[in-house]
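Keep in mind it's a predicted model, so treat the numbers as computed, not measured. In what follows, chains carry the letters A, B, and so on, assigned in the order in which the sequence lines appear, proteins first and then strands, with residues in each chain numbered from 1.
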There are 2 protein chains.
Amino acid sequence: MSTRERLIESTRTLLWERGYVATSPKNIQHLAEAGQGSMYHHFSGKEELARVAIDRTAEEMRASVDAVLSGPGSALERISAYLRREREVLKGCPIGRLTQDPDVMATPMLVAPVEETFTWLRSRLAAIVAEGVVAGELSAAIDPVITSAAIVATLQGGYVLARADDDPAAFQQAIEGILALLGALSVR
Amino acid sequence: MSTRERLIESTRTLLWERGYVATSPKNIQHLAEAGQGSMYHHFSGKEELARVAIDRTAEEMRASVDAVLSGPGSALERISAYLRREREVLKGCPIGRLTQDPDVMATPMLVAPVEETFTWLRSRLAAIVAEGVVAGELSAAIDPVITSAAIVATLQGGYVLARADDDPAAFQQAIEGILALLGALSVR
DNA sequence: GTCTATATACTGATAGAC
DNA sequence: GTCTATCAGTATATAGAC
């Protein structure tokens with residue numbers, strides 16, 4: 001792996017583990033086993049490097065989520081598969097966590113990919129919920145937009161509960177809770 | 001207000017706005033209009049001050065939530081009143097945000113009040129959901145524990161969505177989404 | 001491309017005068 | 001109780017040699 005590559009991957013790791021404010025150029029260089037000079041040769045500074053790292057994380061997430069959501073199965077089955085996927089629950093969501101970072105929120109270049117990711121995710125899920133309603137699988141009483149917002153929020157909030165409890169079970173309970181509600185509204 | 005009081009209140013404000021890692025003793029002193037010496041006279045350091053501040057925020061939250069949940073109305077009405085309460089959505093949850101702070105999570109003294117708050121909230125809500133089921137207001141198919149986890153998670157995740165979008169509407173959609181699902185399972 | 005030197009400001013605290 | 005002085009270490013670079 002090239003030095004540039006190692007810098008990007010190290011930044012991704014640290015942004016996930018500690019966020020943006022709490023990650024210093026020095027931390028990144030150490031993890032990447034790269035010198036000060038290398039980092040500033042490849043990137044203009046911490047901000048640009050973070051942007052590249054966040055973009056990559058967002059793209060990967062999008063691709064892996066889309067793989068599940070575009071897969072086989074009914075609408076509810078795909079949503080359920082997405083929510084129940086294996087996750088490193090206690091590490092939290094690498095994108096969602098950034099919304100709590102004051103320096104990320106104060107930097108338009110860094111918020112942009114975060115905003116785009118959630119906008120995409122919510123509309124992708126809304127489309128699937130709508131599909132389920134049209135197919136007669138889900139009750140016509142379900143509104144796709146607010147329901148998909150609730151689904152994504154449960155996922156993001158599940159991470160918060162799990163971290164507060166230091167136990168992935170809290171995440172799983174939240175997921176099972178929303179799935180049970182959705183399941184009860186499926187048309188059998 | 002005493003200097004000590006101003007230090008605590010300033011810390012509460014900064015922990016809410018920027019979190020723990022991103023808040024320095026200097027920031028606190030400046031906002032509190034207190035000198036270095038004053039801060040270290042009243043508190044052993046940043047950590048102790050943060051603990052006092054978090055405790056106070058947690059207690060206030062508990063009291064105000066309990067006021068709504070112990071109020072009049074059916075189970076679903078009280079849950080709905082709680083979720084729809086006025087909130088400074090874009091500022092996020094002053095307690096939930098701390099779960100994303102690496103230095104808070106690494107300090108047992110600081111995680112403790114966060115963990116206690118969520119444990120309390122979830123069991124308080126679970127009791128109300130259970131009440132609704134017993135009263136025949138909610139479907140017997142509803143499991144109080146996982147449902148209350150989903151409710152709290154939706155709330156916490158709603159803040160994440162709103163901040164990502166820089167729009168409180170995303171929070172409201174998530175809330176209306178979970179309430180619609182719960183409402184559909186109420187026994188009319 | 002990578003390295004070392006240098007720089008300004010801030011972090012989180014301690015020491016001791018007043 | 002509050003103030004100023006001081007401190008070792010870090011944050012985030014820039015400069016210029018190799």
- Kindly determine whether A:Glu131 and A:Arg78 satisfy salt bridge (Lys or Arg N to Asp or Glu O under 4.0 Å), including the steps that lead there. CA-CA 11 Å; A:Glu131 250 182 66; A:Arg78 278 174 288 153; 2.8 Å; yes

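- A:Arg18 places its CZ atom 13 Å from the P atom of D:dT10, with the value rounded to the nearest Å.
- Rounding to whole angstrom units, CG of residue A:Asp103 and P of C:dC10 are separated by 14 Å.
- Regarding contacts with the backbone of C:dC3, a side-chain N or O of A:Ser38 is found under 4.0 angstrom from either OP1 or OP2.
- Between the P atom of C:dG1 and the CD atom of A:Gln29 lies a distance of 17 Å, rounded to the nearest Å.
- Of the residues near DNA chain D, A:Gly37 and A:Val21, the one whose nearest nucleotide (by heavy atom distance) lies more toward the 5' end is A:Val21.
- Cation-pi geometry between B:Lys46 and B:Tyr20 is met: under 6.0 angstrom from the ring centre, within 45 degrees of the axis.
- Residue A:Lys46 places at least one side-chain N or O under 4.0 Å from the OP1 or OP2 atom of D:dT12.
- Because its NZ or CZ atom is both nearer than 6.0 Å to the ring centre of B:Tyr82 and within 45° of the ring axis, B:Arg87 counts as a cation-pi partner of that residue.
- Distances shown here put every side-chain N or O of A:Thr3 at or beyond 4.0 Å from the OP1 or OP2 atom of C:dG1.
- One can place CG of B:Leu7 at 9 Å from P of D:dT2, the figure rounded to the nearest angstrom.
- A:Phe43 has its CZ atom 15 Å from the P atom of D:dT14, to the nearest Å.
- Remark: A:His42 is in phosphate contact with C:dT2, judged by side-chain N or O atoms under 4.0 Å from OP1 or OP2.
- Here the C1' atom of nucleotide D:dT6 and the OH atom of B:Tyr40 are 14 Å apart, to the nearest Å.
- Between C:dT11 and B:Ser24, a contact under 4.0 Å exists linking OP1 or OP2 to a side-chain N or O.
- The side chain of A:Gln36 approaches D:dA13 more closely than any other nucleotide in the set D:dA13, D:dA11, C:dA13.
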N/O donor to acceptor pairs below 3.5 angstrom from side-chain atoms of residues 103-111 of chain A, sequence neighbours left out:
unit_1	atom_1	unit_2	atom_2	d
A:Thr107	OG1	A:Asp103	O	2.6

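- Rounded to an integer number of Å, the gap from B:Leu49 CG to C:dG12 C1' is 13 Å.
- As a whole-Å value, the separation of A:His41 NE2 from D:dC18 P is 19 Å.
- When B:Ile151, B:Ile146, B:Leu182 are each tested for a side-chain contact (heavy atoms from CB on, under 4.5 Å) with A:Leu181, only one passes: B:Leu182.
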